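Written out below as structure tokens is the structure these notes cover.
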Amino acid sequence: MKDDVDAVIARLIKESVAAAGTQGFVTGLGGLITAGVTIPANVAASLAINLRMAGAIAHLRGWDIRDPQVRTVVMMLAIGMSAQNVLAAFGVKVGQKLGEQMIKKIPMAVLHAINKKAGFHLVAKYGTKRAAITLAKGVPILGGIVGGAVDAGATAVIGRATDKALRGDTLRAEEPK
């Protein structure tokens, strides 16, 4: 059964990478002429693809995605943050075998602070990412190729990191349900 879940997750990541690459290509096609509309659309689409992928991986690994604590961790992973680094920054002890109960014991005030920091990280990350590729995206067709490659690459990295972070043996001592 574990092999089946691993295969489904690998396919999910592959399909998400293809979707991110396609939307990155399409939103980058217009170059600077359409950038005012397409850059926000690209950021929103990339985030939606990565959140869907991270949430699906969490579900397949046995996590309850209705739990606010699990949603916070999934959101952090989807935007490319290290869940352990963010939790540690707020004083939450994270060990090699973090129990599911540990996540549930995180106070809501800490979760709100983490969510706020994750939001700032999202703005900083995408602002920096977009600034770095603005020149390449200024040329119409080249912008589509660069945008597609950047978004596909980022989604692949996020997918692998999310799967690794949410495996049963990494975050909790017991097997997923």
Side-chain angles (χ1 to χ4, degrees), residues 5-6 8-17 19-21 23-24 39-133 150-177:
V5 170
D6 290 341
V8 170
I9 290 172
R11 181 173 175 157
L12 173 68
I13 292 170
K14 182 178 178 181
E15 289 174 359
S16 297
V17 167
Q23 74 79 24
I39 289 176
N42 175 251
V43 170
S46 292
L47 183 59
I49 289 167
N50 292 338
L51 280 170
R52 178 190 160 274
M53 176 183 64
I57 291 170
H59 175 72
L60 289 166
R61 291 285 177 211
W63 293 90
D64 180 5
I65 58 174
R66 294 170 297 194
D67 184 330
Q69 289 87 348
V70 173
R71 284 184 179 200
T72 295
V73 171
V74 166
M75 179 185 65
M76 291 184 306
L77 291 166
I79 61 175
M81 294 178 72
S82 164
Q84 289 188 344
N85 290 343
V86 173
L87 292 172
F90 286 93
V92 177
K93 301 290 184 210
V94 182
Q96 188 65 16
K97 294 217 176 215
L98 177 65
E100 186 171 338
Q101 296 304 315
M102 186 64 164
I103 288 178
K104 289 183 178 180
K105 290 180 183 176
I106 300 170
M108 288 307 285
V110 172
L111 281 177
H112 290 301
I114 291 171
N115 286 336
K116 186 181 275 187
K117 182 171 179 154
F120 287 130
H121 180 78
L122 176 65
V123 169
K125 175 185 174 188
Y126 280 102
T128 303
K129 174 183 166 187
R130 293 293 160 219
I133 62 172
V150 167
D151 290 346
T155 297
V157 168
I158 288 169
R160 288 190 302 270
T162 298
D163 184 37
K164 181 178 178 186
L166 296 177
R167 287 180 181 269
D169 58 344
T170 304
L171 286 179
R172 64 172 166 244
E174 68 223 28
E175 281 295 311
K177 296 170 189 154

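Owing to the predicted nature of the structure, the values given are computational and were not obtained by experimental measurement.
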Non-hydrogen atoms of Val74 and Gly55 that approach each other most closely: CG1-N, 3.6 Å
Closest contact, heavy atoms only, Leu77 versus Ala165: CD2-CB, 3.9 Å
Atom pair CE/CZ of Met76 and Arg71 - distance to nearest 0.5 Å: 14.5 Å
Heavy-atom closest pair, residues Leu12 and Ala56: CD2-CB, 3.4 Å
Minimum heavy-atom distance between Asp163 and Ile57, given as atom pair plus value: CA-CG2, 3.8 Å
Pairwise distance CD1(Ile79) to CD1(Ile158) - rounded to 0.5 angstrom: 8.5 Å
Distance, nearest 0.5 Å, that separates CG of Leu51 from OG of Ser16: 11.0 Å
Heavy-atom pair with the smallest gap, counting every atom of Leu60 and Val8: CD1-CG1, 3.6 Å
Reported CG-to-CE distance for the pair Leu47 and Met75, which is rounded to 0.5 angstrom: 9.0 Å
Chi angles and distances behind the side chain to side chain contact (heavy atoms under 4.5 Å, CB included) call for Met53, Ile9: CA-CA 9 Å; Met53 176 183 64; Ile9 290 172; over 6 Å; no
Sequence-distant partners of Thr155, side chain to side chain donor-acceptor pair (under 3.5 Å), two or more places apart: Asn50
Under 3.5 Å donor-acceptor, Trp63 side chain and Leu166 backbone: yes
Shortest non-hydrogen contact from Ala152 toward Gly21: CB-CA, 3.8 Å
Electrostatic pair Arg61-Asp6, nearest N-O below 4.0 angstrom: yes
Partners meeting side-chain contact (heavy atoms from CB on, under 4.5 Å) with Ala44 (sequence neighbours left out): none
Residue of the set Val43, Val17, Ile49, Asn42 for which side-chain contact (heavy atoms from CB on, under 4.5 Å) holds with Asp151: Asn42
